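Below you'll find the structure, written out as structure tokens, and then a few comments.
In the text below, chain A, chain B and the rest are named by the order of the sequence lines, each starting its count at 1. Keep in mind that the numbers below use all heavy atoms, side chains included, and drop hydrogens, waters and symmetry copies. No experiment lies behind these values; they were computed from the predicted model shown.
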Amino acid sequence: MPMELNGFPCDGEGCAEEQEESTARRLPLSKKTETICCLIATPSADSEAAGGGASKEQRKAKSTPAIMRLDSLKKNRPPFPWFGMDIGGTLVKLIYFEPKDITAEEELEEVESLKIIRRYLTLHTAYGKTGIRDVHLELSDLTLWGRKGSLHFIRFPTHELPAFLQMGRDKHFSSLHTTLCATGGGAFKFEDDFRKVANLQLVKLDELDCLINGVLYMASVVSNGPSECYYFVNPTDPERCEQKAYNLESCPFPLLLVNIGSGVSILAVYSKDNYKRVTGTSLGGGTFLGLCCLLTGCSTFEEALAMASVGESTRVDKLVKDIYGGGYERFGLPGWAVASSFGNVMSKEKRDSISKEDLARATLVTITNNIGSITRMCALNENIERVVFVGNFLRVNTLSMKLLAYALDYWSKGQLKALFLRHEGYFGAVGALLELSNPS
Amino acid sequence: MALCGGADRVSHSMDKSITLPPDEIFRNLENAKRFAIDIGGSLTKLAYYSTVQHKVAKVRSFDHSANETDGDHLYEISVQEEITARLHFIKFENAYIETCLDFIKDHLVNTDTKVIKATGGGAYKFKDLIEKKLKLKVDKEDEITCLIKGCNFVLKNIPHEAFVYARHADSEFRFQNTHPDIFPYLLVNIGSGVSIVKVESEDRFERIGGSSIGGGTFWGLGALLTKTKRFDELLNLASKGHHTNVDMLVKDIYGGAYGSLGLTGDLIASSFGKSATTNKEFSKEDMAKSLLHMISNDIGQLACLYAKLHNLSRVYFGGFFIRGHPVTMHTITYSINFFTKGEVQALFLRHEGYLGAIGAFLKGAEEDNPNQYSWGENYAGSSGLMSVSPEMNPVQRARSGTFDMLEMDRLERQLVNLPLLQDPSSYIPDTVDLSEDALAREYWLYCFEEALDGVVKRAMASQRDHPGAVERAEKFRQKYCHKLQTLRHQPFAYGSLTVRSLLDTREHCLNEFNFPDPYSKIKQRENDMALKYYQKVVRSVEEMNWEQRQFALVKGLLAGNVFDWGAKAVSDVLESDPEFGFDQAKQQLQERPWLVDAYNQWIERLKGPPHKCALLFVDNSGIDIILGVFPFVRELLIRGTEVILASNSGPALNDVTNSELLILTERIAEMDPVIHDALKEDRLALVQNGSSSPCLDLSRLDKVLATVVRERGTDLVIIEGMGRAIHTNYYAMLSCESLKLAVIKNSWLADRLGGKIFSVVFKYEAPNKAQEHY
């Protein structure tokens, strides 16, 4: 389905003449998302814009003929290929924009290596043993910086990075003289390897800046597909619990952004460039997988999740009712609440009935509830009611999402709302890609 | 999310072959009543109230009007039986529970007891057993309520209950002052899960949160990961491991620090993150360490979030995860420091393990109003911190198995702060903390060991015709000797180690073996003797001009203070030369300028208007009180200053007790119209200080004394003697004028202070003047 208007921030009204030059490196957003657009461009980028220097206020002011803008777009838009990369502790997330509007003329001019990369990435859905393209997340008919195309979402384990670099070297990626925007800790850790092995110079970007830019951009992309942001209605009622679209872009702030990767970062976001990292916890996706590997002998996240989905955590965890026979009414604790995670392991009678699947499930529930608990405290301390959960821990992990939705709703007595985004773990990489338009 | 829960895994392996050393553990069972029991995951805590019958020395005045001959004593001494209330708390492993219940049943005489209060996760599991064995009805009490009640009780009644833990500091345990107001605080109880309770007053508290990741998680996951089933072994493994092999650190992701966020490279980014990405074997030690960090950090973080939300700065940690484990105290402390950047300190409690039992007991004893009284930790009957920790104290463990005890005496008097303390919350009685000062600790422990023979001899001499005195004295020697050994290895056993605590422990041990007042006869003899010289001394100072007289009075006060059986240098002299008198003592005194010499300021002050009321904490019997203090007091009275003489409620060394002082004063009043009139007109008040210590804790004084002090508008406090003015209170800041005077009768201490033996400290301070200096 076509994605109307994407990528034309100034289509129709809303753009200042004096802004033309800088438009090219501005972020492509629909006119509906003007506020977001302003929020996404960094102030420093404005002043450094080629011939530009438009301030945020100016940007909202007037309109300009589209044709002029396209010229400048062409002049200033970054050369292909367009990549964004987020090298995390466990996974590398790679975003690739595949132009679909390549003219015959362009096709002729296109260097061979670029063609190879484009075909390699778009014709396959798996790369090597561990690289995967999340086809269901693909955004087609997206317009970015005046070009129409598809946004592809690819991931592979961080420990496969050497193989990736080797491939980059074999496919002569460096001959493209492209800018490779990367974020995540790996952008810093592996910077030397990129240069030495693949002859690539990384543009290193702060991961939290990228994360927020990515989230705000993706929330603003209008598509006919499923809404980027959603929540669960009736989270406390398993029978009636279902996903519902949520319109985050109309009024995104303030929000608590909880990024659950290997570890967890919790950010309070008050505007596009006013945010703080409230806290974090080392009990994250890495802990879930790490513990599952040690406890069950599994080796992948998918395996761990599959086991968890059929396991029963109440055989492992000691519940309030296991201690009190029911709820602990004096302090308002329901009988089903977990009193002690893994608390039944030390009980002789219960230990023998515990399966690996139960252990996987208990690990998942423990980590998820803990994140929910810390998140709730942060939301209270920061006085923010909306919480957006992102990060690859939530990938294909409906179990955790429902648990988070439930926990936040139950313990806050309906005060807090848990929101989720479809492109769970890719926002850092999206944010990195968006920085391509920022020549610095 | 979660709740606290005491651990409820209970090991059922009963060992009936265990024989208990009964007289040492379940003491005073014959009078026991009001039982309470707290059964946790591995430990049982039993509490009961009992009465202790022990000997006290009483003095009774003779009638002197009839026949006054030189050979007669002023008063007679009798040893009487007195009954006092005591709380007993015993902690033992659940394995002994059946043996213990049998033992209690066999020794329980009191049949009025019908119920036993019970709390803790194991309470319901053992309900039938307890009811069957003891024939008592088990009455369950809410766990958190008991915990809080117990916590309030120890915070209020036990000085140095709370401490900060610092593993690599000179002294690992930094004990906190007893804060006059203990509320509000946060209690984080780490049992199998975690409960976070906000306590606002005695009756108002709320469980504001918790976590399911607690001690049970460490135990359960730890057992799964390492195949090690014992909690202590898991901690032991953890203390040997390296978490960096298992955890993904910030530097593993970034190659270094995450500078822009100020996250250092060594910070854990993802617990167990490395086991998710590498297919290697991890050592048990490393996994246990990683798990310990994960859980401690998580609890610390939640505690900080709750403390912040509720704006609380005092956070106490308890529960079996913490109990007696330096490893977990360290990791929790580290976590709290990290998350609050040092704004909140993690506090721990010496008697943390007993809170539930104490609380359950208090619930059952409400009709006795235990909260109306002040209670004191009995050092003789209490095991002290970490007594059963095998790594800390292998000696003691072998002696008394794994039984740990706490005994608290009900004090006859209710204790409060001296209203004249400048800042009660920062007042520290003791001048030197021996737990931090290794040299001083060495010296004083040696000193008390050296003096032990003399004390034993004195104790036997005081009860020459009493049956079993020799045997009891020998038991006393063993007990105190053992306490000194314990304190050598665990200076933190009863809070900060101080000269005061060493002296108090000795008094407690003497009482324990029914030597209530070993110096009673010496005091009697010296009082009798000194009284004969009273009029002569008074006459001689009366003949002097004002300036001379003031100096003579101060010198007399100081010379009198030389007569101190607590100081070895003096007791040796007194022992060998019974004729050693007041004049010889005066000659021993250092000439002016004294070591600390504020005499000129004092004289200048005396030239001004008289004080309204002086509070004088007196020291020794005999020459000190009669020839030193009374002439000085007499002068104050003549100046128009009212005087409150505060003396010990119970005996300690040769210190004059309140009951002795009453008789002495009466006798002096007969000879001296000044004293007579002052007594009659109530310008001279004799009030007990609530203590039986040779030292002085101004934060635990008799409530009546505090009231009298306040009512009379006291504007001068005089503290005399080494124990009260040097070992304690030397740095005490008062809101009124104060005079601290003592003769240093210990060459080591004199040396420390930069003087010689018999150096004089004469410290006069006025608060306004002190402020001008700042």
Side-chain angles (χ1 to χ4, degrees), chain A residues 88-90 157-159 184-186 188-191 206 208 261-263 277 279 281-295 299 316-318 320 323 328 330-333 337-347 359 366 369-370 372-374 377-378 380-381 407 411, chain B residues 1-5 7-9 121 142 144-145 191-193 195 206-207 209 211-217 219-221 223-225 229 246-248 250 252-256 258 260-261 267-279 282 287 294 297-298 301-302 305-306 308-309 339:
Chain A
T90 315
T158 304
H159 61 80
F188 297 82
K189 185 181 180 184
F190 301 110
E191 187 187 11
D206 180 81
L208 300 183
S262 312
R277 184 179 186 273
T279 190
T281 165
S282 69
L283 285 82
T287 316
F288 163 64
L289 183 53
L291 280 175
C292 273
C293 291
L294 294 170
L295 294 173
S299 56
V316 183
D317 294 339
K318 188 187 299 294
V320 169
I323 299 175
Y328 191 177
R330 169 83 170 78
F331 298 103
L333 285 170
V338 184
S340 173
S341 297
F342 289 84
N344 278 344
V345 172
M346 295 317 295
S347 141
L359 291 174
T366 302
N369 272 339
N370 190 58
S373 183
I374 292 173
M377 289 309 297
C378 291
L380 285 171
N381 272 324
W411 295 104
Chain B
M1 309 211 177
L3 104 152
C4 73
D8 64 332
R9 191 193 75 98
D142 175 67
I144 294 180
T145 307
S192 49
S195 270
E206 186 191 355
R207 184 189 185 277
S211 167
S212 68
I213 301 183
T217 315
W219 204 347
L221 259 179
L224 290 168
L225 292 171
K229 293 213 175 72
V246 183
D247 290 342
M248 187 182 284
V250 166
D252 293 322
I253 301 175
Y254 273 83
Y258 183 177
S260 63
L261 280 184
L267 208 66
I268 304 170
S270 175
S271 296
F272 287 90
K274 277 185 185 147
S275 57
T277 51
T278 36
N279 270 330
F282 296 94
M287 288 188 290
M294 174 178 109
N297 285 338
D298 192 54
Q301 179 172 27
L302 274 172
L305 286 167
Y306 279 101
K308 188 181 169 197
L309 188 65
F339 285 109

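- For a residue to count as touching a neighbouring chain, one of its non-hydrogen atoms must lie under 4.5 Å from one of that chain's; by this rule B:Phe282 touches chain A with the side chain only.
- For the atom pair CZ of B:Arg207 and CZ of A:Arg330, the computed distance is 12.0 Å after rounding to the nearest 0.5 Å.
- Of the residues considered (A:Gly261, A:Ser262, A:Gly285), A:Ser262 shows the highest number of contacts with chain B, using heavy-atom pairs under 4.5 Å.
- Of the atoms belonging to B:Leu302, it is side-chain heavy atoms, and not backbone ones, that fall under 4.5 Å from chain A.
- Distance OG1/B:Thr217 to CE/A:Met346: 12.0 Å, rounded to 0.5 Å.
- To the nearest 0.5 Å, atoms SG (A:Cys292) and CZ (B:Phe272) are separated by 12.0 Å.
- Both the backbone and the side chain of A:Leu208 come within contact range of chain B, with heavy atoms under 4.5 Å apart.
- Using a 4.5 Å heavy-atom threshold, the side chains of B:Tyr306 and A:Leu380 count as separate.
- Test A:Leu283, A:Thr281, A:Thr287 against B:Ser270 for side chain to side chain contact (heavy atoms under 4.5 Å, CB included) and you get one pass: A:Thr287.
- Contact of B:Met248 with chain A is made through the side chain alone, with heavy-atom distances under 4.5 Å.
- Ranked by heavy-atom pairs shorter than 4.5 Å toward chain A, the options B:Ala276, B:Gly273, B:Ala223, B:Gly215 are led by B:Ala276.
- Counting heavy atoms from C-beta on, the side chains of A:Leu291 and B:Leu225 come closer than 4.5 Å.
- Looking at A:Leu294 and B:Leu224, their side chains never come closer than 4.5 Å, going by heavy atoms from C-beta outward.
- Residue B:Thr277 touches chain A through both its backbone and its side chain, counting heavy-atom pairs closer than 4.5 Å.
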